[in-house]
Visitor: 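Structure below; questions to follow.
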Amino acid sequence: MKTAGYFILGLLLFSPFPAAGQEIAPEEPDLILPPRIIEVEELRVEQVDAFIPPDENLDLLPLVVDFPEAPDIILPEEAFILTIPGDMVGGGASIPGSSDFFSEITLGLGTQSRFLGDITLFMLGREPRTKLRFQHDGRDGFGNHASGTGYRTRKELFEGDVAFSPGIYDIDTGGLFSEEEFGLQGLPQDYSSLLHRRINGRVRLEAPLKERWTLGGSGNLIFSDVVLAGAVPLRGMEIDGNVSASLSLDTRFLRLSAVTGYRFLDWVGSEPPAHLLTGDIKAESRFPFPLDLTAQGGVSWIFGESAAFPFSLTAGAYLGGFAGIFLSGGYSRELLSYGDLLGRFFLTDFLNDAGSLVRPREEAGWFVDSEIRYEPSDRWKMNLQCTWRYADSFFDLGPVSERGLLSQSWYGGVPTSLLRLSGGVSFRLLDFLLLEVDTGGRLSGAETVFPLFDFSAALEAVDPEGVFGASAGFAFSRWEGENAPPVLPPLFSMEGFFKIGEGVSLILEIEDLFAAFSSTPAYGWGGYERPGFALVLKTQLSL
């Protein structure tokens with residue numbers, strides 16, 4: 001195992017510098033072009049930022065994502081666009097009436113009885129355009145423990161997307177099945193593993209009515225399953241469905257949209273279902289100068305209960321083409337579902353004593369998000385972000401329950417604030433060498449689900465011809481609070497690849513290298529042991 005680490009370090013230290021090449025400029029052609037062939041309206045992209053815990057906690061730590069509030073997320077209403085494999089980019093457009101088939105395949109074996117596979121199939125050209133993906137990643141017996149003793153993880157994924165455009169309409173539909181299991185390492189005597197299962201189906205339709213009017217509609221249905229496996233298993237299920245309709249008007253300097261939606265949440269075998277009705281009006285500016293303004297407001301009403309009036313204001317200014325300032329704020333209200341919570345807080349006990357899911361509370365409060373981006377050249381860029389929340393109610397993590405999982409904790413009635421600052425720098429040291437550094441910290445607020453401090457750095461070197469390359473990553477984080485995990489040692493991982501032929505590459509990964517030199521295992525949330533040192537060898541094919 002040490003030899004593999006030295007091999008990757010060698011790749012980092014002795015990667016060849018790119019040779020200087022002589023460029024021969026072509027003679028200037030005697031062509032006279034019209035002053036303007038086509039005018040493209042300026043495209044604006046609003047960044048959606050997420051704060052994700054470092055990789056060192058992904059297997060054991062509940063995944064926490066600080067998403068922007070729903071009113072701030074701007075998604076393009078274009079037809080579904082399939083992603084073409086990286087090696088196929090620039091390979092030419094599809095021929096009308098023909099079908100182009102591509103595939104990306106990754107197979108891997110490693111220590112800890114690790115086996116993984118990821119297969120993605122693309123069908124482009126003749127409609128319908130399709131994409132299918134199969135994924136499996138399982139390990140059993142990590143941290144010097146034998147297989148079958150509960151020290152295991154498993155992830156399965158199957159998803160498909162179909163998009164087509166009959167006439168002037170755009171239709172996008174798809175489905176997903178995912179299953180994630182975590183072995184409980186013998187800590188709770190009555191249960192062996194925790195299983196989360198999710199089934200999702202969706203459809204979206206967009207149709208232009210007249211020159212400036214567009215009609216849209218969408219539907220989504222999600223089944224979420226939670227199972228505590230054991231001699232007497234516990235199981236809870238949730239059904240989450242929603243439909244929405246929108247009408248948009250495009251003018252020269254403004255886009256106006258009216259959106260209405262209905263949502264149904266049912267916790268099977270538990271409390272009565274919840275019915276949510278929403279209505280929003282949204283205005284987006286389209287100025288011919290670099291300034292974006294967006295205003296959105298509406299009503300959110302839970303049948304038979306209460307109504308709220310969320311709103312948001314967003315502004316973005318672009319300075320000289322190399323800098324930008326963005327600011328948004330308002331009031332948000334979200335009716336949480338376990339389909340969302342299970343992905344963010346994996347090792348949390350959401351089941352009651354009867355083995356069913358109970359209704360989660362709402363998250364509501366004020367928010368302000370700001371960001372500064374600075375990109376003076378192609379060689380380096382930086383960003384600084386500040387997030388403030390003043391919540392009336394929010395979700396947090398409690399102490400470990402008798403089932404060996406983290407209990408739920410809800411704060412309500414007494415507003416609580418959160419202030420977080422984060423930033424990052426990306427710097428290309430040489431043409432083939434890239435350095436990225438990100439850090440962040442919680443300046444105020446006692447929430448357990450946000451780290452007090454986190455830091456990560458990555459160094460990547462790639463041969464100019466793309467034949468071989470290597471990377472190394474370092475990550476460290478610290479939580480604070482009564483139920484927070486202990487201070488974990490930093491996570492250091494490495495990866496190297498070598499392209500042995502057209503569309504065929506070998507990849508070697510080293511995970512948690514520091515754990516190979518420590519005789520004491522690292523424990524994370526709930527007292528569960530971290531997987532530790534591992535080697536993985538992959539083969540990647542692009543056909």
Visitor: Using 0.5 Å steps for rounding, measure from the CG atom of L506 to the CZ atom of F497.
Guide: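 Separation between the atoms: 11.5 Å.
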Visitor: Could you walk me through whether D369 and R420 satisfy the salt bridge (charged side-chain N to carboxylate O under 4.0 Å, His left out) test, starting with their C-alpha distance in whole Å, then the side-chain angles of each, then the deciding distance to 0.1 Å, before giving a yes or no?
Guide: CA-CA 10 Å; D369 293 320; R420 176 180 170 83; over 6 Å; no
Visitor: Do the side chain of S444 and the main chain of L418 share a donor and acceptor less than 3.5 angstrom apart?
Guide: no
Visitor: Measure the shortest side-chain to side-chain distance between L419 and T387 over non-hydrogen atoms and say whether it is less than 4.5 angstrom.
Guide: no
Visitor: Knowing that exactly one of Y523, Y151, F182 qualifies, which makes a ring pair (Phe, Tyr, Trp, His ring centres under 6.0 Å) with Y528?
Guide: F182
Visitor: Please list, chain by chain and in numerical order, all residues satisfying ring-ring contact (aromatic ring centres under 6.0 Å, His included) with F115, sequence neighbours excluded.
Guide: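 By the ring-ring contact (aromatic ring centres under 6.0 Å, His included) rule, F115 matches H136.
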Visitor: Determine whether S542 and F102 make a side-chain contact, defined as any pair of heavy atoms from C-beta on separated by less than 4.5 Å.
Guide: no
Visitor: Check the angle between the aromatic planes of W380 and F427 and answer parallel, tilted or perpendicular using the 30° and 60° thresholds.
Guide: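 Perpendicular: the ring planes of W380 and F427 meet at over 60°.
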Visitor: Less than 3.5 Å apart, any donor N or O on the side chain of D170 or S165 sitting next to an acceptor on the other?
Guide: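 Side chains of D170 and S165: pair found under 3.5 Å.
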Visitor: Please determine whether salt bridge (charged side-chain N to carboxylate O under 4.0 Å, His left out) holds for the pair D161 and R133, giving the CA-CA distance in whole Å, both sets of side-chain angles, and the decisive distance to 0.1 Å.
Guide: CA-CA 9 Å; D161 293 288; R133 185 183 182 191; over 6 Å; no
Visitor: Between E529 and H145, is the side chain to side chain contact (heavy atoms under 4.5 Å, CB included) condition met? List the steps.
Guide: CA-CA 11 Å; E529 186 173 334; H145 296 276; 3.1 Å; yes
Visitor: Any chance you could lay out the side chain to side chain contact (heavy atoms under 4.5 Å, CB included) test for T214 and E206, step after step, and finish with the verdict?
Guide: CA-CA 7 Å; T214 303; E206 185 176 281; 3.6 Å; yes
Visitor: Of all heavy-atom pairs between S147 and D140, which one has the smallest distance, and what is that distance?
Guide: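 Heavy-atom minimum between the residues: OG-O, 3.1 Å.
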Visitor: Give me the one residue out of Y374, F326, F289 that meets ring pair (Phe, Tyr, Trp, His ring centres under 6.0 Å) with Y318.
Guide: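 Among Y374, F326, F289, the one that satisfies the ring pair (Phe, Tyr, Trp, His ring centres under 6.0 Å) with Y318 is F326.
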Visitor: Is there a donor-acceptor contact under 3.5 Å from the side chain of T173 to the main chain of R202?
Guide: yes
Visitor: Are any non-hydrogen side-chain atoms of F453 and P451 less than 4.5 angstrom apart?
Guide: no
Visitor: Any ion pair linking E156 and R154 (charged N to carboxylate O, less than 4.0 Å)?
Guide: yes
Visitor: Taking the side chain as everything from C-beta on, heavy atoms only, tell me whether L537 gets closer than 4.5 Å to I507.
Guide: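 The answer is no; the side chains never approach within 4.5 Å.
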Visitor: Over all heavy atoms of both residues, which pair between G339 and S224 is shortest? Give the atoms and the distance, please.
Guide: CA-OG, 3.3 Å
Visitor: Could you give the distance from CD1 (I222) to CG (N200), rounded to the nearest 0.5 Å?
Guide: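 It is 4.5 Å, given to the nearest 0.5 Å.
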Visitor: Identify, with sequence neighbours excluded, every residue that meets ring-ring contact (aromatic ring centres under 6.0 Å, His included) alongside F514.
Guide: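 For F514, the residues satisfying ring-ring contact (aromatic ring centres under 6.0 Å, His included) (neighbours in sequence not counted) are F492.
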Visitor: For residues P288 and F253, determine if any side-chain heavy atom of one lies less than 4.5 Å from a side-chain heavy atom of the other.
Guide: yes
Visitor: Any donor and acceptor pair, going by atom type alone, linking the side chain of Q112 with main-chain N or O of P531 inside 3.5 Å?
Guide: yes
Visitor: Do you know the tightest heavy-atom contact between F346 and L194?
Guide: O-CD2, 3.3 Å
Visitor: To the nearest 0.5 Å, how far apart are CZ in F142 and CZ in F533?
Guide: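 Answer for the CZ-CZ pair, F142 versus F533, is 15.5 Å.
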Visitor: Could I get the full list of ring-ring contact (aromatic ring centres under 6.0 Å, His included) partners for F164, not counting sequence neighbours?
Guide: none
Visitor: Would you call D137 and K155 a salt bridge, using N to O less than 4.0 angstrom?
Guide: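 Judged by the 4.0 Å cut-off on N to carboxylate O distance, D137 and K155 do not form a salt bridge.
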Visitor: Does any part of the side chain of L319, heavy atoms only, come nearer than 4.5 Å to the side chain of I325, both counted from C-beta?
Guide: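 A side-chain contact under 4.5 Å exists here.
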Visitor: For the residue pair S422 and Q385, confirm or rule out a side-chain donor-acceptor distance under 3.5 Å.
Guide: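 Their side chains do contain a donor-acceptor pair, which is all the 3.5 Å distance test asks for.
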Visitor: Could R428 and D378 be called an ion pair, given the rule that one side-chain N must be under 4.0 Å from one carboxylate O?
Guide: no
Visitor: Taking all non-hydrogen atoms of both residues, which atom of P490 and which atom of R530 are closest, and how far apart?
Guide: O-NH2, 4.3 Å
Visitor: P128 and V162: which non-hydrogen atoms are nearest, and at how many Å?
Guide: CB-CG1, 3.6 Å
Visitor: Distance from T294 atom OG1 to R255 atom CZ, nearest 0.5 Å?
Guide: 11.0 Å
Visitor: How many angstroms lie between atom OG of S193 and atom CD of Q185, to the nearest 0.5 angstrom?
Guide: 12.0 Å
Visitor: Side-chain contact test, heavy atoms from C-beta onward, threshold under 4.5 Å: evaluate it for D463 versus F432 and give yes or no.
Guide: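 A side-chain contact under 4.5 Å is absent here.
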Visitor: State whether the side chain of E179 and the backbone N or O of H196 hold a donor-acceptor pair below 3.5 Å, judged by distance alone.
Guide: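 Looks like no, no N/O pair under 3.5 Å.
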Visitor: Considering only NZ, NE, NH1 and NH2 on the basic side and carboxylate oxygens on the acidic side, decide whether E181 and R152 come within less than 4.0 Å.
Guide: yes
Visitor: Starting at OG of S518, measure out to CG of D512 and round the result to the nearest 0.5 Å.
Guide: 9.0 Å
Visitor: Give the minimum heavy-atom separation between T111 and A534, together with the two atoms involved.
Guide: OG1-CA, 3.3 Å
Visitor: E509: what forms a salt bridge (Lys or Arg N to Asp or Glu O under 4.0 Å) with it, not counting sequence neighbours?
Guide: K538
Visitor: Do NZ/NE/NH1/NH2 and the carboxylate oxygens of R286 and E284 come within less than 4.0 Å?
Guide: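 So R286 does not pair with E284 through a salt bridge.
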Visitor: When you check the gap from the basic side-chain N to the acidic O, do E436 and K381 get nearer than 4.0 Å?
Guide: no
Visitor: Is the centre of the F158 ring less than 6.0 Å from the centre of the F177 ring?
Guide: no
Visitor: Could you go step by step and tell me if Y169 and L205 meet the side chain to side chain contact (heavy atoms under 4.5 Å, CB included) rule?
Guide: CA-CA 7 Å; Y169 304 100; L205 169 67; 4.2 Å; yes
Visitor: Should L384 and L421 be marked as a side chain to side chain contact (heavy atoms under 4.5 Å, CB included) after you check the CA-CA gap, both sets of side-chain angles, and the distance that decides it?
Guide: CA-CA 8 Å; L384 182 65; L421 186 67; 4.1 Å; yes
Visitor: State which residues pass side-chain contact (heavy atoms from CB on, under 4.5 Å) with A458; sequence neighbours excluded, sorted by chain then number.
Guide: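 With neighbours one apart ignored, the set is empty.
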Visitor: Quiz question: by atom type and distance under 3.5 Å, do the side chains of S257 and S248 form a donor-acceptor pair?
Guide: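 Side chains of S257 and S248: pair found under 3.5 Å.
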Visitor: Is there a donor-acceptor contact under 3.5 Å from the side chain of S285 to the main chain of L293?
Guide: yes
Visitor: Are D454 and R442 within salt-bridge range, i.e. N to O under 4.0 Å?
Guide: no
Visitor: Not counting sequence neighbours, which residues clear side-chain contact (heavy atoms from CB on, under 4.5 Å) with P208? List them please.
Guide: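 Testing P208 for side-chain contact (heavy atoms from CB on, under 4.5 Å), a comparison that skips the adjacent residues, returns I168.
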Visitor: Any side-chain heavy atom of M494 sitting closer than 4.5 Å to one from L513?
Guide: yes
